[in-house]
Protein chains: 2
Amino acid sequence: MVQVDTQDHVQRIFSDYLERNGHRKTPERFAILGEIYAQDGHFDIERLYVRMKSKNYRVSRATLYNTMELLLDCELVRRHRFASDKAHFEKAHANRQHDHLICEQCGRVQEFCDPRIQQIRKTVSEVLHFQVQYHALHIHGLCSDCQNQRPAHERDRQTHL
Amino acid sequence: MVQVDTQDHVQRIFSDYLERNGHRKTPERFAILGEIYAQDGHFDIERLYVRMKSKNYRVSRATLYNTMELLLDCELVRRHRFASDKAHFEKAHANRQHDHLICEQCGRVQEFCDPRIQQIRKTVSEVLHFQVQYHALHIHGLCSDCQNQRPAHERDRQTHL
DNA sequence: TTTGGTGCAAACTGTTTGCATCTTA
DNA sequence: TAAGATGCAAACAGTTTGCACCAAA
């Protein structure tokens with residue numbers, strides 16, 4: 001099963017990372033990673049907290065925030081700040097670099113890739129002598145559903161949020 | 001004087017906008033706009049609040065937040081969310097669309113333009129049927145100063161922040 | 001057994017809201 | 001003079017921190 005393989009794989013990556021950096025391997029940390037990789041799409045801390053609570057995990061928000069820092073550091077998750085005040089996260093492993101279309105009407109987030117962004121990064125680093133680490137391209141507008149004016153209640157709202 | 005011309009011009013745009021939309025022309029609103037256009041670079045609400053207080057304007061944070069909504073709506077300012085939790089703003093009038101390089105070390109924000117971003121917007125709208133309103137491309141990394149490891153205290157910190 | 005990690009609650013920060021007062025139209 | 005806008009302070013939401021307890025190494 002692909003699902004199990006991915007879980008095994010990321011758990012091992014995380015385990016190695018913790019060991020290499022002298023962090024302890026706590027059950028909470030692995031449970032959080034497991035929960036993140038068991039779901040699809042974007043999430044925020046509160047969502048993750050509620051989901052884990054409802055599954056009777058004993059976790060605190062503080063630990064979630066702490067663990068996200070570790071997962072960001074070993075690149076198993078990515079953090080985004082779209083427009084709202086809160087941070088959004090997504091799985092990073094086996095999930096190629098991509099950018100985001102954000103619908104201003106329904107809040108849906110859609111992923112896309114365009115190779116030209118790579119060329120822009122290259123130019124910036126060569127011409128402006130800026131050492132690129134990562135980028136975020138957010139294109140805001142109306143998704144096809146919202147252009148058609150379909151009333152909000154007929155649609156799945158915020159599939160990725 | 002260019003400075004005065006710009007001020008006159010944006011004040012007129014704002015005045016027309018307020019009138020057109022049935023909003024009142026209060027001295028606070030024009031003072032805020034004036035203060036924004038009298039300074040360069042990016043700013044956040046707190047910075048603007050402190051600056052206006054120090055000039056003995058009697059403004060509240062609430063009015064600043066309210067007025068920013070109006071200025072965003074008539075496109076005299078743009079709002080950005082880089083990585084930190086707070087919003088940053090910049091003048092939008094007579095300031096061509098551009099993107100941002102954000103230094104992870106010193107927090108400095110540098111502007112740049114690349115025509116290929118326009119092509120990406122076009123492709124997204126044609127191929128994915130997404131009606132683009134605006135975009136934000138943030139490239140994070142190290143600015144040339146920080147690559148050279150110059151200690152932070154030798155540099156101007158956060159010139160644009 | 002030591003020290004880093006945890007849960008909880010309190011603190012903090014940026015933003016929004018409620019309300020009495022003021023002021024533009 | 002009535003609807004909107006204001007300043008202030010309290011409320012709010014997301015995140016961080018302090019601390020006593022717990023458990024990996």
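In what follows, every chain begins at residue 1, and chains take the letters A, B, ... in the order their sequences are listed.
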For [X] and [Y], test the side chains for any donor-to-acceptor distance below 3.5 angstrom and give the result as yes or no.
| X | Y | result |
| --- | --- | --- |
| His135(A) | Arg121(A) | yes |
| Tyr134(B) | Glu75(B) | no |
| Glu90(A) | His42(A) | yes |
| His140(A) | Glu104(A) | yes |

**OP:** Considering only NZ, NE, NH1 and NH2 on the basic side and carboxylate oxygens on the acidic side, decide whether Asp85(A) and Arg81(B) come within less than 4.0 Å.
**Re:**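 Answer for the salt bridge query: no.
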
Subject >> Pair Glu69(B) + Arg79(B): basic N to acidic O under 4.0 Å >> reply: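 Yes.
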
Nearest whole angstrom, please: distance from the [atom2] of [N] to the [atom1] of [X].
| X | N | atom1 | atom2 | result |
| --- | --- | --- | --- | --- |
| Arg61(A) | dG14(D) | CZ | C1' | 10 Å |
| Tyr49(A) | dT6(C) | OH | P | 14 Å |
| Phe30(A) | dT6(C) | CZ | C1' | 16 Å |
| Lys86(A) | dT15(C) | NZ | P | 15 Å |
| His80(B) | dG14(C) | NE2 | C1' | 18 Å |
| Asp44(B) | dT13(C) | CG | C1' | 12 Å |
| Arg81(A) | dG14(D) | CZ | C1' | 9 Å |
| Asn21(A) | dT3(C) | CG | C1' | 17 Å |

Subject >> salt bridge (charged side-chain N to carboxylate O under 4.0 Å, His left out) between Arg61(B) and Glu46(B), worked out >> reply: CA-CA 8 Å; Arg61(B) 272 173 264 256; Glu46(B) 194 57 23; 2.7 Å; yes

Original post:
Side-chain N or O of Thr63(B) less than 4.0 angstrom from OP1 or OP2 on dG7(D)?
Top reply: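 For dG7(D), OP1/OP2 do have a side-chain N/O of Thr63(B) under 4.0 Å.
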
Subject >> Proximity to DNA chain C (any heavy atom under 4.0 Å), residues of residues 51-59 of chain B only >> reply: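 Correct list: empty, so none.
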
Original post:
Near DNA chain C, which residues from residues 65-79 of chain B have a heavy atom under 4.0 Å away?
Top reply: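 Result for residues 65-79 of chain B: Tyr65(B), sorted by number.
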
Less than 3.5 Å apart, which donor and acceptor atoms pair up between the side chains of residues 26-33 of chain A and the rest of the protein, not counting sequence neighbours?
residue	atom	partner	partner atom	Å
Thr26(A)	OG1	Arg29(A)	N	3.3
Arg29(A)	NH1	Arg24(A)	O	2.8

**OP:** Enter the distance from Cys103(B):SG to Gln131(A):CD here, rounded to the nearest 0.5 Å.
**Re:**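 One finds 9.5 Å between SG of Cys103(B) and CD of Gln131(A).
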
Original post:
Which value, rounded to the nearest 0.5 Å, describes the distance between Leu70(A) atom CG and Asn21(A) atom CG?
Top reply: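 Atom-to-atom, Leu70(A):CG and Asn21(A):CG are 8.5 Å apart.
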
Original post:
Ignoring hydrogens and geometry, is there a side-chain-to-backbone donor-acceptor pair from Ser15(B) to Gln11(B) under 3.5 Å?
Top reply: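 No, the answer is negative, given that no donor and acceptor are paired below the 3.5 Å cut-off.
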
Original post:
Would you say Tyr17(B)'s side chain and His23(B)'s backbone share a donor-acceptor pair under 3.5 angstrom?
Top reply: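 Not confirmed, Tyr17(B) side chain does not pair with His23(B) backbone.
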
**OP:** Please check if the distance between the ring centroids of His100(B) and Phe82(B) is under 6.0 Å.
**Re:**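 Yes, ring centres under 6.0 Å apart.
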
**OP:** Have a look at the helix from dT1(C)-dA25(D) to dA25(C)-dT1(D) and give the angle its two end axes make, five pairs each, rounded to 10 degrees.
**Re:**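 Inter-axis angle at the ends, rounded: 30°.
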
**OP:** For Ile45(A) and for Arg29(B), locate the closest nucleotide of DNA chain D by heavy-atom distance; then report the residue assigned to the nucleotide nearer the 5' terminus.
**Re:**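 Closest to the 5' end, via its nearest nucleotide, is Arg29(B).
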
Subject >> Where protein sits on nucleotides 18-25 of chain C, one letter per nucleotide: B base, S sugar-phosphate only, - none, heavy atoms under 4.0 Å >> reply: -----BBS

**OP:** Any ring pair (Phe, Tyr, Trp, His ring centres under 6.0 Å) involving residues 47-76 of chain A? Give me the pairs, sequence neighbours left out, ordered by first then second residue.
**Re:**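 Sorted result for residues 47-76 of chain A: empty, none.
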
